[in-house]
Every structure is written in C-alpha cells, then in structure tokens.
**Student:** 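Please find one structure pasted underneath; my questions will follow.
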Amino acid sequence: VQLQASGGGLVQPGGSLRLSCAASRSIYTINRMGWYRQAPGKQRELVAIITSVATTNYADSVKGRFTISRDNAKNTVYLQMNSLKPEDTAVYYCNAVTMGTYWGQGTQVTVSS
C-alpha cells in the first residue's frame, strides 16, 4: 500500500487544517489507519487511529480538537484539526496496518503567529 499525505501548512494558533491520506488501493479491508507526528528532537507519537469498523482512538493531547475519519469510496483517511496550538507543530505521517505496516511521506504542520 502506498500512502500520500497532504494538507499541511502554516496556520495561526486557534486555526484549523484538514490532512488527507490517499491510499493506492482500497482501504475497505485495511485493519487500522492512523496519523502520527514527530516534532523536532522528539520521538514519533500516535495522534489518532481508526479501524476498519470505524472505531477511533486519540492521544490525550488532541482529544476534543482533532477528528479522524475515513472515506472508503475515496480510499482516503482524514484528520480534521481544530483549535491548533503551537505544540501541534510537527511533521504528520499517515500509517496503515494490514499484512504489514506502511507509512506515507509526511506533511509539515506549523502552528505559529
């Protein structure tokens, strides 16, 4: 599975962004897809995951602000990010777990005034 992440950019604190992760094949049977992020000097961390039956899980730091969703018809997973904070600044990576683990190339999110 190839994953193409997009939607990152520069946004002011309190703003919103929507990240997209387009897969090269149907995601209908992919067990789990998610978003991770890595800030400079820090380890990659889980942001949100969604399973094939649409069960979701979020990092405590983003609960209530971020929403992960999937559109099986478009082979795409989204991450809606609201009320962004400077500490959300990182490279965001898309991930898929199905008969192996796959990663997208990352998209930069910068939250700054």
**Student:** Work out which heavy atom in Lys42 is nearest to a heavy atom in Gln38; give both atom names and the distance.
**Tutor:** O-NE2, 3.1 Å
**Student:** Please list, chain by chain and in numerical order, all residues satisfying side-chain hydrogen bond (donor to acceptor under 3.5 Å, both in side chains) with Arg65, sequence neighbours excluded.
**Tutor:** Asp88
**Student:** Are Lys85 and Val62 side-chain neighbours, meaning at least one heavy-atom pair lies under 4.5 Å?
**Tutor:** no
**Student:** So Asn31 and Thr51, side chain to side chain contact (heavy atoms under 4.5 Å, CB included) or not? Walk me through it.
**Tutor:** CA-CA 6 Å; Asn31 298 331; Thr51 70; over 6 Å; no
**Student:** With side chain to side chain contact (heavy atoms under 4.5 Å, CB included) as the criterion, how do Leu19 and Thr107 come out once you've worked through the C-alpha distance, each side chain's angles and the decisive distance to 0.1 Å?
**Tutor:** CA-CA 8 Å; Leu19 305 184; Thr107 184; 4.0 Å; yes
**Student:** Does the pair Val111 and Glu87 meet the rule for a side chain to side chain contact (heavy atoms under 4.5 Å, CB included), with working shown?
**Tutor:** CA-CA 8 Å; Val111 185; Glu87 50 263 45; over 6 Å; no
**Student:** Please enumerate all residues that pass side chain to side chain contact (heavy atoms under 4.5 Å, CB included) together with Ser113, with sequence neighbours excluded.
**Tutor:** Pro13
**Student:** Compare all side-chain heavy atoms of Thr67 with those of Leu79 and state whether any distance is below 4.5 angstrom.
**Tutor:** no
**Student:** Just jot down the side chain to side chain contact (heavy atoms under 4.5 Å, CB included) partners of Lys63, sequence neighbours excluded, or say none.
**Tutor:** Tyr58, Asp60
**Student:** State which residues pass salt bridge (Lys or Arg N to Asp or Glu O under 4.0 Å) with Arg32; sequence neighbours excluded, sorted by chain then number.
**Tutor:** none
**Student:** Within a strict 4.5 Å, meaning less than it, do heavy atoms of the Met81 and Val11 side chains meet?
**Tutor:** no
**Student:** For residues Val1 and Ile50: do they belong to one hydrophobic cluster (side chain heavy atoms under 4.5 Å, members Ile, Leu, Val, Met, Phe, Trp, Tyr)?
**Tutor:** yes
**Student:** Looking only at non-hydrogen atoms, find the nearest pair between Ile68 and Gly34 and report the distance.
**Tutor:** CD1-CA, 4.0 Å
**Student:** Which residues pass the side-chain hydrogen bond (donor to acceptor under 3.5 Å, both in side chains) test with Ser61, sequence neighbours left out?
**Tutor:** Arg37
**Student:** Report yes if the side chains of Val109 and Leu17 come closer than 4.5 Å at any heavy-atom pair, otherwise no.
**Tutor:** yes
**Student:** For Asn82, what residues pass the side-chain hydrogen bond (donor to acceptor under 3.5 Å, both in side chains) criterion, not counting sequence neighbours?
**Tutor:** Ser16, Gln80
**Student:** Hey, does the side chain of Gln105 reach the backbone of Ala5 with a donor-acceptor pair shorter than 3.5 angstrom?
**Tutor:** yes
**Student:** Going by side chain to side chain contact (heavy atoms under 4.5 Å, CB included), name the residues that satisfy it together with Thr101, two or more places apart in sequence or in a different chain.
**Tutor:** Asn95, Val97, Trp103
**Student:** Enumerate the residue pairs fulfilling ring pair (Phe, Tyr, Trp, His ring centres under 6.0 Å) with a member in residues 63-98, sequence neighbours excluded, ordered by first and then second residue.
**Tutor:** none
**Student:** Once side chain to side chain contact (heavy atoms under 4.5 Å, CB included) is applied, do any residues pair with Asn57, and if so which ones, sequence neighbours excluded?
**Tutor:** Ile49
**Student:** Please determine whether side chain to side chain contact (heavy atoms under 4.5 Å, CB included) holds for the pair Val77 and Ser69, giving the CA-CA distance in whole Å, both sets of side-chain angles, and the decisive distance to 0.1 Å.
**Tutor:** CA-CA 6 Å; Val77 172; Ser69 61; over 6 Å; no
**Student:** Check Thr76 against Ser20 and note the closest heavy-atom contact, atom names and distance.
**Tutor:** CG2-CB, 4.2 Å
**Student:** OG of Ser26 to NZ of Lys74: how many Å apart, nearest 0.5 Å?
**Tutor:** 15.0 Å
**Student:** Does the side chain of Leu10 reach to within under 4.5 Å of the side chain of Ser112, using non-hydrogen atoms?
**Tutor:** yes
**Student:** With distance as the sole test, does Arg70 use its side chain to make a donor-acceptor pair with the main-chain N or O of Ile27 at under 3.5 Å?
**Tutor:** yes
**Student:** With sequence neighbours excluded, give me every disulfide bond (SG atoms under 2.5 Å apart) pair touching residues 5-112.
**Tutor:** Cys21-Cys94
**Student:** Which residue pairs satisfy the side-chain hydrogen bond (donor to acceptor under 3.5 Å, both in side chains) criterion with at least one member in residues 1-13, sequence neighbours excluded?
**Tutor:** none
**Student:** Does Thr110 have any side-chain hydrogen bond (donor to acceptor under 3.5 Å, both in side chains) partners at least two apart in sequence or in another chain, and if so, which?
**Tutor:** Gln108
